[in-house]
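Here is the structure we will look at.
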Protein chains: 2
Amino acid sequence: MRKGFLILTSVVRKGFLTCIFVKEADLTTQRARGGRVTIHDLARVAGVSVSTVSKALNDNGRMAAETRARIKRMAAEIGFRPNALARGLLSSRSFTIGLLTNDTYGRFTLPVMAGISDALVDHGVSVFLCAIEDDPALGKVHVDAMLDKQVDGIIATGKRIDRSLPVDLAGLPVPVVYAFTAGASDSVTFTADDAQGAALATAWLKKLGRRRLVHITGPEDFVSVRERASAFASEAGEGGSVRYGVWSESWGHQAVADLWSAGGPLPDGIFCGNDQIARGVVDALRERGVKVPEDVSVIGFDNWEILAEQTRPPLTTIDMNLKELGREAGLMVLALAEGRPAEPGLRKLPCKLVVRQSCGGAQTN
Amino acid sequence: MRKGFLILTSVVRKGFLTCIFVKEADLTTQRARGGRVTIHDLARVAGVSVSTVSKALNDNGRMAAETRARIKRMAAEIGFRPNALARGLLSSRSFTIGLLTNDTYGRFTLPVMAGISDALVDHGVSVFLCAIEDDPALGKVHVDAMLDKQVDGIIATGKRIDRSLPVDLAGLPVPVVYAFTAGASDSVTFTADDAQGAALATAWLKKLGRRRLVHITGPEDFVSVRERASAFASEAGEGGSVRYGVWSESWGHQAVADLWSAGGPLPDGIFCGNDQIARGVVDALRERGVKVPEDVSVIGFDNWEILAEQTRPPLTTIDMNLKELGREAGLMVLALAEGRPAEPGLRKLPCKLVVRQSCGGAQTN
DNA sequence: TTGAAAGCGGTACCAT
DNA sequence: ATGGTACCGCTTTCAA
């Protein structure tokens, strides 16, 4: 079949090929190798050599503008798309990166992923997803697979900045960027600016006239908990107190019970370490007849929309801009993969305030 | 550098190479091309031809067992890993599949992804993640990118079985499998068995002695809502009534308010269309002093753990086995990619009951 | 302005 | 039992 095809096209060489012949050739070839048109097919159809086609499509080399245009038009007509594997073999660039994560639940990873993918798709880069739980063996398998597939770089993401993934990513032949997980000191790591976010939240409570502030948060062994707590403390001043616990609604409930039964002065502003705790706090307050936001302002952290929006009243909270963080991480691996230099170290990206109704203020409607 | 290296190794040909030389060669080569050792390097180091190396490592062709072992040992020593791009170029198999999803929030997609990745990593297959929101242009870009990268197949996942992704996946040169999204009738589609799940839930309520049953669920235009409702109706018999609404906590609240103010006989068992609704129902009941599970049993759907476990009391619910669904979808594309035939059509995978405390019964502790 | 040929890193067939 | 060689699809000198 290939032979007959050759004779056919050689008769109609030099651009006199009609559209009908193109279609036929296209169909014939497609059938032959599963729908893929190669540059050779295109060259035959266009009546030029493969090198000319290559140069025409990549806008390099010099040639008659008319020839280039004709080849491009034909390429579009027969739906030619270059094989990225072959191209990658030559260029040592696969336009592929690997995303390693241990965040199975995905509350943090998903927005980050979306940002990465979003930033990279414009550059023709695809993302391998590797969920490794906390299994070092699985991690190694995935890393090896990625390297075999010649990824241009790797992004490692996790749930907290003070723990590292259970795989060793040092000394890899490709750049590695970390997001929300501890990375090597000579590489770039992204995280949210916990201190700034906590300061933002606390300042908002103060701006609304709240003075007796409490911070109900997660386990003290999280570095982000400590950073937020310390920013809260310095922003809240004398009146502020911090209660450490766990990342759950029930802890929010319990903390409210503790506070209200302690007999001291009651808080009028509560900054919670995450939206789950805030949800528990708001529910507990409602159950004791304390009005939110009239009597007490409550502010969360994470802007976990599905939770924040369904809380009664909807939660004012801090958003860590995870998608943006993902974008930056994506652009960073890309830059490193292309050899552009970057300053190693930890980069803290600013958080933003999302105003709903649990604090009162701007949008109490 | 390469030249010197060649001379060095040719002196020590035929397997007399010491470990020290191997290391040196390894390092030299690594530096030369970014940490990657090729089969040619290995061949030189082992003092054999590339074809012999290839056969040795792939366990085909015949050769002295000792030679094979020696080559394998050296490969391991110098950390040789075949370039998957080159391999894929020859075999037309990239050991890569694409995962297309519009489930940005990821509650459904994540477990499915985990299952797919889990099933495929054992087969050396990696997964491209493509989040396309509901943007047809973005979808096309991702599909084209995947095809360029010669994926062996595509899995399309979504949030509901009665809507399709905003991208045309028909006539692609690779097999496409659908999960939780509408697919072409000549391809394989996986979904949870909504009717079976609903029947399971209803039967559980009946088994616990509940007789006045209500089903509070989502919008009637979801086919899964209708399937669950109809299975509920036939299992519940005369006593059962269905209330359609939206997928939110607030709807759960409101439905309870409606029921309790309607003045009719009050239900003693409520089957909710998802865990969010169930959460709203449970909260609303508690607020009106109705005891769960003593007075009313409530059962959810989805087993969204973070929500189900934090509800007071924790929700008994239906789990759609999404991870298993992902596994099956993964194995299915793999099978199709390898040319193994499969019966096209819709495959409904069974749901399972997860007993917590909101219904009473087995684990009321 | 265009084309032939080498080569990226492997695999497979056919000699030896 | 082992090696030479062609080739997968594309890019890139270098000649014509």
Side-chain angles (χ1 to χ4, degrees), chain A residues 2 10 13-15 29 32-71 75 78 80-95 124 147-150 173, chain B residues 2 10 13-15 29 32-71 75 78 80-95 124 147-150 173:
Chain A
R2 188 78 166 267
S10 65
R13 263 168 159 274
K14 293 297 169 196
T29 324
R33 71 171 84 67
R36 255 88 171 199
V37 183
T38 73
I39 198 171
H40 297 276
D41 302 326
L42 178 52
R44 284 194 208 92
V45 167
V48 293
S49 72
V50 287
S51 20
T52 304
V53 171
S54 175
K55 280 181 291 193
L57 298 180
N58 292 306
D59 280 322
N60 54 24
R62 48 192 122 267
M63 64 198 309
E66 189 268 336
T67 308
R68 195 184 294 275
R70 184 169 54 85
I71 292 175
I78 70 174
F80 167 75
R81 312 215 92 224
N83 182 324
L85 263 44
R87 195 181 263 207
L89 196 50
L90 254 328
S91 64
S92 337
R93 288 267 281 123
S94 64
F95 289 91
L147 293 178
D148 290 354
K149 281 160 186 152
Q150 311 295 114
Chain B
R2 187 78 166 267
S10 66
R13 264 171 157 275
K14 294 295 165 198
T29 325
R33 73 171 82 67
R36 254 87 172 198
V37 183
T38 74
I39 196 171
H40 297 275
D41 301 328
L42 178 52
R44 284 195 208 91
V45 167
V48 294
S49 73
V50 285
S51 19
T52 305
V53 172
S54 177
K55 281 180 291 194
L57 298 181
N58 292 306
D59 281 322
N60 54 24
R62 51 193 117 265
M63 65 197 309
E66 189 267 336
T67 308
R68 196 184 294 275
R70 185 169 53 85
I71 292 174
I78 71 174
F80 168 75
R81 312 217 90 221
N83 182 325
L85 263 43
R87 195 182 264 205
L89 197 49
L90 247 340
S91 63
S92 342
R93 289 264 284 125
S94 64
F95 288 91
L147 293 178
D148 289 354
K149 280 159 188 154
Q150 312 295 116

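Model, not experiment: these values are computed from the prediction. Numbers restart at 1 for each chain; the letters A, B, ... are given by sequence-line order, proteins then strands.
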Next item on the list: Could you work out which one of C/dT11, C/dG3, D/dG3 sits closest to the side chain of B/V48?
Entry: D/dG3

Margin query: Using a heavy-atom cut-off of 4.0 Å across all strands, would you classify B/R81 as base, sugar-phosphate, or nothing?
Written below: sugar-phosphate

Next item on the list: Side chain of A/N58 only, please: which of C/dG10, D/dT11, D/dG9 is the nearest?
Entry: D/dT11

Item checked: Heavy-atom pair of closest approach, residues B/A86 and A/L89 -> CB-CD1, 3.7 Å

Next item on the list: Using whole Å, report how far CD of A/Q150 lies from P of D/dC10.
Entry: 18 Å

Margin query: What's the closest nucleotide to the side chain of B/R62 if the choices are C/dG9, C/dG3, D/dA1?
Written below: D/dA1

Next item on the list: Kindly compute the distance separating CG (A/L57) from CZ (A/F80), expressed to the nearest 0.5 Å.
Entry: 6.0 Å

Notebook entry, point to check: Whole Å only: how far is the CG atom of B/D59 from the P atom of C/dA12?
Noted result: 13 Å

Next item on the list: Please determine, for the side chain of A/N60, which listed nucleotide (D/dT12, C/dT11, D/dC10) has the closest atom?
Entry: D/dT12

Next item on the list: Please figure out whether A/A65 or A/V50 has its closest DNA chain C nucleotide nearer the 5' end.
Entry: A/A65

Item checked: For atom CZ of B/R36 and atom P of C/dG10, their distance in whole Å -> 11 Å

Next item on the list: For C/dA4, take OP1 and OP2 only and decide whether either is under 4.0 Å from a side-chain N or O of A/S51.
Entry: no

Checklist line | A/L90 CG to C/dG9 P, straight-line distance once rounded to whole Å | finding: 9 Å

Check: From C/dG10, C/dT2, D/dG9, pick the nucleotide closest to the side chain of A/A64?
Finding: C/dT2

Checklist line | Interatomic distance, B/M63 CE vs D/dG3 P [rounded to whole Å] | finding: 8 Å

Next item on the list: Give a yes or no on whether the backbone of A/L85 and the side-chain of A/N83 come within a donor-acceptor separation of less than 3.5 Å.
Entry: yes

Margin query: What is the distance, to the nearest angstrom, from the CD1 atom on B/I39 to the P atom on D/dC8?
Written below: 19 Å

Next item on the list: Enter the distance from A/H40:NE2 to A/S49:OG here, rounded to the nearest 0.5 Å.
Entry: 10.5 Å

Notebook entry, point to check: Between B/K149 (side chain) and B/S94 (backbone), is there a donor-acceptor pair under 3.5 Å?
Noted result: no

Notebook entry, point to check: Between C/dG3, D/dA1, D/dG3, which one does the side chain of A/K55 approach most closely?
Noted result: C/dG3

Next item on the list: Report yes or no: is there a donor-acceptor pair, N or O only, under 3.5 Å between the side chain of B/S49 and the base of D/dG4?
Entry: no

Check: Out of C/dG10, D/dC10, D/dT11, which has the shortest distance to the side chain of A/A86?
Finding: D/dC10

Next item on the list: Starting from P on D/dG4, measure out to NE2 on B/H40 and report it in whole angstrom.
Entry: 12 Å

Notebook entry, point to check: Is B/T67 touching bases, backbone alone, or none of the nucleic acid, heavy atoms closer than 4.0 Å?
Noted result: sugar-phosphate

Checklist line | Nucleotide C/dG9, atom P - distance to CG of B/L85 in whole Å | finding: 11 Å

